[in-house]
Amino acid sequence: MGKTMAQKIISAHLVEGEMKPGCEVGLRIDQTLTQDATGTMAYLEYEAMGIPRVKTELSVAYVDHNTLQNGFMNADDHAFLRTITKKIGVRYARPGCGICHQVHLERFAVPGKTLIGSDSHTPTAGGIGMLAIGSGGLDVAVAMGGGTYFIPYPKSVRINLSGKLPAFVGAKDVILEVLRLLSVKGGVGRIIEYAGEGVKALSVPQRATITNMGAELGATTSLFPSDEATRQFLAAQGRADDYTELSADADAVYDEEYSIDLSNLVPLAACPHSPDAVREVSALGDIPVDQVCIGSCTNSSLADLMAVAAILKGKTVAPSVSLTISPGSRQVLEMLSENGALADILASGARLLECACGPCIGMGQSPPSGGVSLRTFNRNFEGRSGTADGQIYLVSPEVAAASALTGKITDPRGLPAIPTFKMPEHFAINDNMIDLPANEAEYQSVEIKRGPNIQPLPVAKPLPDSLRLPVLLKVGDNITTDHIMPAGAKILPYRSNIPHLSQYCFEGVDPEFPDRAKRSDNGGFIVGGQNYGQGSSREHAALVPLYLGIRAVLAVSFARIHKANLVNAGLLPLEFERAEDEKKVRQGDTLILTGIHEGLTSGRVELKNETNGESLRLVCSISPRQADIIRAGGLLNYTREKALAQ
Ligand code: MIC
Ligand code: SF4
């Protein structure tokens, strides 16, 4: 039987396990990336493993999230990242270089290789044919140390693309259509591969927009073939040697297949407050717009911003609108400024922000109260913008630019034609802001700088066989890691300071939760609904509850990265055997869990709700390796124990 693209890459990197759904596979990881907001923790964890130098082919640390420096915290973190990476053998992309995924695609991603990154949008590199997976920082730390990276062996989905995108319809509309089709849960446990004639006409950055938002489907990752367009992109980046061809075999078998005719697509928008609340822009009616933000790792490529410049050229942004532009990388910014498009953007009244995540992670540009903000980003979870009642719509750069001019949500298809973008034969290459690590002779003398914002890691307590504890918080379906551990300008600078962060856990859902948890002598449980922990890869969403005394999270189902992060932190992820049982547990109830040790192996844990007398069954669906991790008190202890035993 022929192989899918993912099967080809997985089999070439398989270290352990069977390539069968339901099994866990261990992969050799060629490259890793971190960003600053998850990176400080990842490098502290790497350090705790005691391995002097990284063993990957390439590891890069980017600084793109915490670039506002209002206080010592971010600057301290940057100094820590710059020095520790130098010592352990990781390249350091200074702030200003760009957003990790955009820069990695431009400068480092290689078809056919494996990449894990401590950021959920790492699958962006799937646009170039790389098996790129988002994970917790601890998994990245282990991979940097040469350890194997484990994932549940995924199902395969093929999306056949035919036809060609009409004018003013973009890659964002393709992925919004997929989100409309599959929902934010539709990709869970799956790798999504794109195929068909329609792929050829999509450039690598367009493909990367699509694979980037595969994260919003909950997918393990997404992949495009590596073909002539890939070869040309790599050659234009001065990396022709990195090209290898990748496609699925003609007789490859997929678990699910879908078809999309690109010619039939229209401009789409994900409406507040979920990336899968997708509607046609033309059906939204006259919605006045307060803010338009163009950028993020989804839509900040040269092609995206050239389209924006062409739409804005010679016009003025509507007086009611604040329009911001954050180019994805310095390469993009440099090329825009050299070809004159930046002047068109600025002349229209747009506000230029630095090449970083910026408003996407609530680092500035929060919209006004109840304000409508159109963003080319990938997430519109409630409150993520920094304004609790902000109404965020996710749209293509074309819709964003057209709406910035009219001051209301606008279908760009009514605009005069704009020039078709031609991919450059040569990108502006300048890697002078990506510092190389110290060499073998020098690294020992590098001194690591640690400011007071760098606080110790929380450590899991040994797990008893039974627990009698209260439900400290009960939440509903689709809880995101932004709910659990919010980001934004006020909190994000404290990502290396778990004690400080803990005050903000579930801030937007129940601000009393941290105090309640701290008051509970022996901790307690969190109870959630479906798809608990969707969204970002931040392991803080596990480490902070651990710090607050949470011993287990009980949910109807979990998102992949968060479930792995809970296990890595030493916390038990338990699922209700019957989804409706979740209703039989309320906040404040006292629960007794028994048979926990046996349950790690058998997969069953008994629950007695002491408050209402109900007896329920919980499923502990973790692999034998993950059971060992929980027994050891988390991945760090497990890795140390394994290293000592060798
Ligand atoms: C995000 O988009 O939510 C982030 C910020 O990039 C996160 C990582 C983090 O929380 O630091 C992600 O997507 O993993
Ligand atoms: Fe940065 Fe936003 Fe991309 Fe996350 S989704 S990496 S915050 S640009």
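Each ligand, and each atom within it, is numbered from 1 in the order the structure gives.
Here the heavy atom of the protein found nearest to atom 3 (Fe) of ligand 2 is Cys297 SG, 2.3 Å. Given atom 6 (O) of ligand 1, the protein heavy atom at minimum distance is Asp119 OD2, 2.6 Å. Closest to atom 8 (C) of ligand 1, if we only count protein heavy atoms, is Gln35 NE2, 3.1 Å. His65 NE2, 3.8 Å is the protein heavy atom nearest to atom 4 (Fe) of ligand 2. Taking atom 10 (O) of ligand 1 as the reference point, the nearest protein heavy-atom neighbour is Arg538 NE, 2.5 Å. Shortest contact from atom 1 (Fe) of ligand 2 to any protein heavy atom: Cys357 SG, 2.3 Å.
Between Ser118 and ligand 1, no N or O atom pair is found at a separation short of 3.5 Å. Here's the thing with Asp482: none of its N/O atoms is less than 3.5 angstrom from an N/O atom of ligand 1. Considering backbone and side-chain N/O of His65, one or more are found under 3.5 Å from N/O of ligand 1.
Counting heavy atoms under 4.0 Å from ligand 1, residue Arg384 touches it through the side chain alone. With a 4.0 Å cut-off on non-hydrogen atoms, Gln35 does not touch ligand 2 at all.
Listed by number with element, the atoms of ligand 2 under 4.0 Å from a non-hydrogen atom of Ile361 are 7 (S). Near His101, meaning under 4.0 Å from any of its heavy atoms, are these atoms of ligand 2: 6 (S).
Atom 2 (Fe) of ligand 2 has an N, O or S atom of Cys360 inside 2.8 Å of it.
Ion pairing between a basic and an acidic side chain is recognised when a charged N comes within 4.0 Å of a carboxylate O; Asp435 and Arg91 show no such pairing.
For the atom pair CZ (Arg190) and CZ (Arg560), the distance works out to 13.5 Å, reported to the nearest 0.5 Å.
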